[in-house]
Structure formats: structure tokens, C-alpha cells
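Values reported hereafter were calculated over all heavy atoms of this structure, with side chains retained and with hydrogens, waters and symmetry mates removed.
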Number of protein chains: 2
Amino acid sequence: MSSRGQQIGSAAPVCVSCRDCALKPICLPAHLPGEEARALEAAVERGRQVLPGVTLVRAGEPMAALLVVRSGSAKRYSVTLEGTEQVHGFVLPGEAVGLEGFASGRYTCEVSALEPLSYCRVPMRKLEQLLERLPGLRREILRLLGQALDEAQRLRGELAQSDARGRVAHFLADLSERLARRGLSPTEFRLSMSRADIARHLGLTLETVSRALSTFKREGWLRVRARDISVLRPEALAALGGGCA
Amino acid sequence: MSSRGQQIGSAAPVCVSCRDCALKPICLPAHLPGEEARALEAAVERGRQVLPGVTLVRAGEPMAALLVVRSGSAKRYSVTLEGTEQVHGFVLPGEAVGLEGFASGRYTCEVSALEPLSYCRVPMRKLEQLLERLPGLRREILRLLGQALDEAQRLRGELAQSDARGRVAHFLADLSERLARRGLSPTEFRLSMSRADIARHLGLTLETVSRALSTFKREGWLRVRARDISVLRPEALAALGGGCA
DNA sequence: ATCGGCACTTGACGCGGATCAAATTTTGCG
DNA sequence: CGCAAAATTTGATCCGCGTCAAGTGCCGAT
């Protein structure tokens, strides 16, 4: 019953082609015409794997490649002057890493694996060459960036407007929806990040996150057992979390 | 002494060419090779003007063009289901509007002028054609989006980590720096937005913003007279606001 | 010049969440 | 399996900020 020890999207061992990849419907090539998808695929370095805790990219490092997570999950964060972590968000399979790097050619935050993780890599050199001749890919990369921007803004709004329970509810609802889009269960999942990570992401303390979860549990909206979550009343969470138009 | 009634970057009436534009060093063409800059310039529709309160783009509207503010300032916001405004930020001369539109081809938030405002316009059709053959412009647009993303994330972090006074201090320091980059005074300026707008941007109430400003005034860090601000001790503001690496 | 309205300031009070502290569960390891 | 360390929960207390409520000053209109 528990998904203990399971990693997000760990389906197949290592894919060799985008065509056979479980992420096909949501990954970069999804919206590309077949011809462009093939050209992109030829540029992709596939199947790299890392262990939990390993850092995929570091702040300040030159942006040598565009990374897309294939399985597992990761934490995006930066370290403040005082040495505390600011958690910007969490990366799920099919999502790109380090897009802010386009700003200066260097990454501006760290990304480290929360579970065993595999990813694909498109070297920037090759990407630029491809952008030269693939109009679909151009549009797709712009779409990706626009989406990331929109999401970041939406999240900022959430932080600005919601109280603690609203933020936690929104966090869960958002995670649930993203998992669903990947064909995973939106109601039964395991959090790969700690309460402290969630708290730093939401601008709360870990105690407050824990209390919010306990409240939801008491209300009968969730079942919570350590990091395993069962969503019993998604509508309730959505109602609390989703104040956006 | 007071800048009353003055609009941000209102220098010349209406420019006819990027070459003569006061924003040349910070606007889109700044980093383009001369040849590409000329090509871009040919596609730009220039000198449109609107009055305060006029909406430049609406949420849901197709993204027909990329807009860059030339003079004046604007407010980016979206309206929540309950009818309240979420203020995402403020646009200064040389900054682009509606980049999140790349996500879906439609704008996702509203932008309205806070003062008399003029702007340039690059129709998306032409932009896409230009992207086809101008590698510098491609890089520049990606840079713009990356920057916007990075900024949005940094801001989110600020919201998550700072208390009320820290947020207001950061807001002022950020504004000050952006004005300076435009060749305007970083210490003497007029806020074009209301306390309520600032509050909604920072996730505070207008009373709290007001109190923060009063505190800074009492501490001798600022002079505040209605919307006119004089920064007396920039370091103090920066120390409060700038927790980022 | 006076009035009315609006943006802003200031004050009083209560609550939500931070902080400090301790109990309890979970996990990793020998 | 059993222990130690880490993660999480729960409890008690305190304070910052939201809320409600008066002012105060500025501007346009008459």
C-alpha cells in the first residue's frame, strides 16, 4: 500500500529514445513536428543518473547544457548570505532545470536530487545550432521559459495572498496536479522532500507546515503517514489553495 | 526640488529611432550587433502613448506583440477570483511587458499605466521572422526571459524570507537600483504607485507599508513626503533588504 | 477661499504563525 | 533486531502584522 522507497517516475530502467520514453507526452519534443523531434533527439545525451543529494547544477557555474529530469525529483534552491537555503521549487520528471541560466549564461541556483534521479542533457552548443534551423523548437523553448515565468509569478502571488494553511494546501494541490499530468496518482503519493524544504519553499517554518498537515488530517482531507500522502478530499484543498483567476 | 508631476524618463517628446533613444544602453538592441539592431529597428512600431490608468494588455488577450516601455511606468497585476488585485510588479522604461505570454500565446496578466506612458511595439509576426535569421536577437530574447525568471524567483525568495520592513526596504533598494541603471537619481524619486499597490505587491497591507516608511523616516534613512522619496542611507536599506547571495 | 474626497498616517487590539522546548516516530546502520 | 540520529509532531508562549477605527494632509472642484 505504501509507496515507500519508490522513486517518482521510475518506470523503465533507462530509455534509449524519446519515442519509447514514458515522458513522451509531456517532454520537450511533445509539441514538435516529427522531423524536428528527430533532430533534437540526435542532440540529446541520455540516461545520466545520480544518487540522492547529488548536485546537478551549481549557482555561478556556466550553463553548459539544458537539463531535463527523466525520473526522480530534485530541489531548486539558492543559499543566502546568512547561509540559509531559499527553496525555489521542486523539479519533477519532464521538467527542465536551470532555465534562469539563459539570463547570464550561468546558473543562478543550485539543483540537487532528492531521490535517485536520471536526466537528459542538451549541450548549449548543439541547442543553439538547432534553434537556428528549427522554428518549432524555438517556439517550444520560448514557451518553456514563458511557462516557468508565469508559474513563478503565480507562486509569488500565492505567497503574498495566502495564509499558512492556504499555502500548504496549494502546494499539495499543485504537486497532485503535476503528478497526474505524468500519469501518476494524484491522490496517493510520497513526498520526496522534507517538511523543512516545504517550509522554506513556502516561507513558513517546518512546525507550521506540520501543523497544517495535521489540521488537514484531522479535518479528514488527507491521510498522512510520514511522507506518504493520501488525498481524500481534493476539492477541499483546491478551495483553500486556489485563489487565482 | 520636488519632482512633482514629473514622469519617469520623460526626457524627449517622441523618439523616431533607436539610435537617438535615451534608452539605447539598456533597451533590447543594446547587445545586438549593428546589423541586427537595424533589422529589429525596422520592425518596431514606435511612440505609442497612453494616459494614466489605461490598460496596455489584458489577461487572456492574444499576445499580438512584444511591448517595451519607453517612458513612464506601469503596474503588472492579475485579478483573483475574489476580485482583488495581485500586483506582480512595476515596469520601468526599457523593460518589456507581457513576456509570460510566450507560455500560451496569450497574456496572463494585465498591465496598466501609472503615469502618462509611451512604448514601442514589435508585432509577434515580425518578431518570429526576425528570430529566424538573427542569432543575436535569439540570444537576447532568451536572455530577457531568463532575467525575468530569475528576478521573479529572487522576489519570491524575498517574500518568503523577509519581514515587513525587510520587504519594503528591498522594494525601495530595487527601485533605486533600476532607476540608477536608467541614468536617473537613485536617491531622489517619486513613487508612481500607491501604498496599496506596493502593499499588494509585497503581500502586506497598506498600513504596514506606511508604518515601515515611517520607521525608516524616524531612523533617518529616508525623507518621505507623500510619494516623493529621498534616500539618505542606502546602505541601511540594502542591509535590511538584501539577504541574497 | 472653502469644501469634500481621497491617499496616507497613526493608534489600539487580537490573532496567526514564529520561536523555544519536549515528546514521539521514522530511518539508517551495525 | 536494536540502537542512535534525524525527522516530525505537539505544546506553550510571544510578537509582528492584519484589522478596525480615527485622524491628518493634499488636491481638485465649486
Check your understanding: Which part of the nucleic acid, if any, lies within reach of Ser194(B) when heavy atoms closer than 4.0 Å are counted: base, sugar-phosphate only, or nothing?
Key -> sugar-phosphate
Check your understanding: Reckon Ser210(A) touches a base, only the sugar-phosphate, or nothing at all at heavy-atom distances under 4.0 Å?
Key -> base
Study note, to complete from the structure: Quick note, Thr208(B) side chain, CB onward, closest among dC17(D), dT9(C), dT19(C) is dC17(D)
Check your understanding: Is there a side-chain contact between Lys75(A) and His201(A), using heavy atoms and a 4.5 Å cut-off?
Key -> no
**Study point:** Value in whole Å for how far the C1' atom of dC17(D) lies from CD of Gln161(A)
**Key:** 16 Å
Check your understanding: Which part of the nucleic acid does Arg227(B) contact within heavy-atom distance under 4.0 Å: base, sugar-phosphate only, or nothing?
Key -> sugar-phosphate
**Study point:** Nearest-Å distance for atom pair CG/P, residues Leu159(A) and dC17(D)
**Key:** 16 Å
Practice item. Figure out the CG/P separation between Leu204(B) and dG16(D), and round it to whole Å. Key: 15 Å
**Study point:** Ala196(B) or Gly203(A), whichever maps to the more 5' nucleotide of DNA chain C
**Key:** Ala196(B)
Exercise for review: Give a yes/no on whether any side-chain N or O of Arg165(B) is located under 4.0 angstrom from OP1 or OP2 of dG16(D).
Suggested key: no
Check your understanding: Would you say a side-chain N or O of Ser214(B) is under 4.0 Å from OP1 or OP2 of dT10(C)?
Key -> yes
Check your understanding: Whole-Å distance between dC8(C) P and Arg195(B) CZ?
Key -> 5 Å
**Study point:** Donor-acceptor pair under 3.5 Å, Arg211(B) side chain vs dG11(C) base
**Key:** yes
Point to revise | Whole-Å distance separating the CZ atom of Arg190(B) from the P atom of dA7(C) | key: 14 Å
Study note, to complete from the structure: Here the distance between atom P of dT9(D) and atom CD1 of Ile229(A), to the nearest Å, is 9 Å
Check your understanding: Nearest-Å distance, CZ (Arg200(A)) to C1' (dA18(C))?
Key -> 15 Å
Review point. So what does Leu213(A) touch, heavy atoms closer than 4.0 Å: a base, only the sugar-phosphate, or nothing?
Key: nothing
Point to revise | Nucleotide nearest Ala164(A) when distance is taken to its side chain, options dT9(C), dT10(D), dG17(C) | key: dG17(C)
Review point. Does the side chain of Val168(A) come within less than 4.5 Å of Thr215(A)'s, by heavy atoms?
Key: no
Practice item. Taking atom CZ of Arg223(B) as the centre, report whether more than 12 heavy atoms of other residues, nucleotides or ligands fall under 6.0 Å from it. Key: no
Practice item. Whole angstrom is fine here: how far is it from CD in Glu207(B) over to P in dA21(D)? Key: 12 Å
Point to revise | Parallel, tilted or perpendicular: ring planes of Phe171(B) versus Phe90(B), cut at 30 and 60 degrees | key: perpendicular
Review point. Is the shortest heavy-atom distance from the side chain of Ser210(A) to the side chain of Leu213(A) under 4.5 Å?
Key: no
Practice item. Give a yes/no answer on whether the side chain of Thr205(B) brings an N or O atom under 4.0 Å of OP1 or OP2 in dC17(D). Key: no
